[in-house]
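To start, the structure under review is shown below, and the notes come after it.
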Amino acid sequence: MKNIVVIGSGLAGTLLCNELSKTAHITLLEKGKKDFISYPNLTFKRKKLAPFNTFCFSGGGGSNLWHNGLIPIGIEDVVSTQFSALLKATEPYTDQAAAMLNFTGEYSKDYSDVVAEMNKLAMSLGDFTDGVDCLIYPKKYTKLTVNDQVDAHYSVSKINFVSTQGTISKVTYIQDNEEKSVEADLVIIAAGTYSTPELVKRALSANNINANNLGRGLIDHPAGFVGKVKFSSDVAKSINKFSSLDKGHFESCTGMRIKSDCGKYTCFAFLRPAFTMGNHLSIYQYKSLLGGSSGLERIKNALSPKLFHPDILVEVVSHVLGVSIPSSTFNILVYFQQHQGSNSVDYDSNTHTINWDVSSQELEIYNDLLTKLDEKLSQFALKTNIMQPIDGEWLRSGAHHSGTISLGDDEPEQIDDNLKLNGCNNLYICDGSVIQEHSYANTGLTIGKLALRLSAHLTNLKV
Ligand SMILES: Cc1cc2nc3c(=O)[nH]c(=O)nc-3n(C[C@H](O)[C@H](O)[C@H](O)COP(=O)(O)OP(=O)(O)OC[C@H]3O[C@@H](n4cnc5c(N)ncnc54)[C@H](O)[C@@H]3O)c2cc1C
């Protein structure tokens with residue numbers, strides 16, 4: 001039986017452990033506690049990611065904070081041929097990944113049926129040249145946990161690697177103040193977009209390779225409420241179906257896709273019930289804070305007079321009562337696309353330094369996209385009030401951190417098409433860090449598909 005060490009039990013790590021433990025001996029090394037969430041120390045060099053926590057340490061990782069919305073990254077929106085080939089190779093794992101992420105039923109069929117239904121509805125309203133897409137929310141939620149077959153170790157620190165001629169033989173770590181080690185035939189780093197580059201750096205340095213580009217290429221979805229739109233009551237009936245559609249075992253939330261003139265950027269605009277037509281940045285920021293926080297943090301954030309703003313009350317009532325309030329006025333929430341550029345993460349002793357912002361070129365493209373959105377909505381709306389031009393203040397992280405490990409053959413710190421690190425013979429990377437492009441799509445389903453494809457590859461690999 002192969003000995004496989006998985007580092008990190010977030011979304012990717014948990015699926016990897018559970019799948020690989022069917023045929024191999026798995027040791028999990030997780031920095032967080034099993035059932036307790038802690039947050040990393042963060043320093044922001046430029047823009048703060050968001051007013052709420054966008055990642056954490058704990059068994060289950062980011063899935064402790066997420067909303068479980070499942071959507072694929074559309075291959076037609078991806079520019080890089082190498083990454084689109086990788087995404088295509090993960091397609092056979094879609095239904096299995098969705099099932100492991102709480103979806104009951106056949107995801108691919110349910111997703112394509114609801115997208116077709118919503119596209120038909122959209123075409124009956126006006127010119128939706130770029131179409132619509134749907135986020136699918138399973139109705140049943142269970143926490144992601146590793147199964148009992150996995151030899152799981154929590155609260156570990158100072159992970160390091162013993163390597164000979166490019167092959168890692170042992171992973172060392174500290175637990176309960178004791179130095180420990182585990183033998184490894186294969187190692188998978190799944191510590192998330194912000195922590196994985198540091199572990200890769202240590203693995204390469206165990207092979208005497210100094211890597212300079214680690215942590216570069218960070219991408220996210222700059223997202224924000226950017227305006228309001230009002231429809232006649234007839235049109236509003238259809239738009240309420242976009243906002244939320246009950247499909248029995250899942251709920252769908254439909255957004256308008258808008259592509260930039262250059263074709264490289266695609267954004268996604270959701271319409272959420274509102275009451276007023278006013279645009280107030282502080283109210284939008286408060287709405288994002290409430291929507292993005294969870295548990296005790298959300299209750300604390302609710303203690304604000306802003307809770308009683310009519311636009312917030314509509315959203316709160318629909319969330320708390322689990323019903324969508326029929327409305328003819330809607331908030332516009334847009335998820336914009338970023339491409340890999342100068343954003344990065346660095347890790348120094350115990351602090352993640354995050355160097356993230358929205359560039360002026362991106363802002364220009366986003367404002368063009370908003371003009372297009374306004375034109376499209378104006379075809380069938382009574383009134384629009386979209387903020388233009390927006391600046392970076394209107395945008396925060398969509399919490400879909402990705403891209404800090406790059407795909408390619410040139411550098412030792414890059415990964416190949418099987419997610420193997422070029423500089424090591426038996427080290428693989430699998431988590432949000434390997435996603436090179438994500439249009440507007442939430443990343444969870446793609447991370448799950450990548451994890452299952454890697455599991456299949458490693459199961460068949462001779463060591
Ligand atoms: C508020 C919010 C809502 C979201 N909603 C959605 C949604 O609806 N749909 C969707 O698809 N996505 C959503 N996301 C994003 C989603 O949660 C993440 O994309 C996903 O969890 C990332 O998975 P991962 O495996 O890459 O990393 P993570 O889940 O972050 O896992 C990394 C794991 O590694 C551990 N770790 C870190 N450093 C070390 C180390 N040095 N040694 C050992 N272990 C380590 C961490 O503790 C963690 O368990 C949301 C995120 C947030 C914050």
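First listed ligand is number 1; within each ligand, the first listed atom is number 1. Counting begins at 1 with the first residue of the sequence. If you're wondering where the values come from, they're calculated on a predicted model, not measured in any experiment.
Residues satisfying the side-chain contact (heavy atoms from CB on, under 4.5 Å) test with Ser108, not counting sequence neighbours, are Thr94, Asp95. Not counting sequence neighbours, Asn422 has no partner by the side chain to side chain donor-acceptor pair (under 3.5 Å) test.
Between Asp346 and Lys45, none of the side-chain N atoms (NZ, or NE/NH1/NH2) sits under 4.0 Å from a carboxylate O, so this pair counts as no salt bridge.
In this structure, the side chain of Ser163 engages the main chain of Thr167 through a donor-acceptor pair within 3.5 Å.
Between Phe268 and Tyr440, the ring-plane angle classifies as parallel under the 30° and 60° cut-offs.
For residues 46-68, the set of pairs meeting the ring-ring contact (aromatic ring centres under 6.0 Å, His included) definition, not counting sequence neighbours, comprises Phe55-Tyr194, Phe55-His352, Phe55-His401.
Within 4.0 Å of ligand 1, protein heavy atoms belong to Ile7, Gly8, Ser9, Gly10, Leu11, Ala12, Leu29, Glu30, Lys31, Asn53, Thr54, Cys56, Phe57, Ser58, Gly61, Gly62, Ser63, Leu65, Trp66, His67, Asn68, Gly69, Ile159, Ala190, Ala191, Gly192, Ser195, Leu199, Gly292, Ala399, His400, Asp431, Gly432, Asn442, Thr443, Gly444, Ile447, listed by chain and number.
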